[in-house]
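Scroll down for the structure; my scribbles are underneath it.
These numbers come from the heavy atoms of this one structure, side chains and all, not from hydrogens, waters or symmetry mates. The shown structure was predicted, so the numbers you read here are calculated from the model rather than taken from an experiment.
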Amino acid sequence: MTHALAGWRKSSRSGDSTACVEIGFAPGVVGVRDTKDRQGGTIALSAAAWARFVDALKADRYGT
């Protein structure tokens, strides 16, 4: 599944750290990649799956 992901960004909570992930967007898709290894591959999720994941994080369902 190849998409033209754009608008890559990392969380503002990451500060100057490079030990984080970035997210990019395409219509209906969110990509996730390692900030330190941007060419190392991208996980592509549907926008709906990404929204469910973020909601679960906010609800602390992963015990973070």
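Between V21 and K10, the closest side-chain pair of non-hydrogen atoms is not below 4.5 Å. Between W8 and R38, the closest side-chain pair of non-hydrogen atoms is not below 4.5 Å. F25 has its side chain out of reach of L5: every pair of non-hydrogen atoms, C-beta onward, lies at least 4.5 Å apart.
Note that OG of S46 is 5.5 Å distant from CZ of R52, once rounded to the nearest 0.5 Å. Between atom CZ of residue R33 and atom CD1 of residue I43 there is a gap of 12.5 Å, rounded to the nearest 0.5 Å.
Smallest separation of non-hydrogen atoms from V29 and A44: CG1-CB, 4.1 Å.
T35 places a side-chain N or O within donor-acceptor distance of the main-chain N or O of C20, the cut-off being under 3.5 Å.
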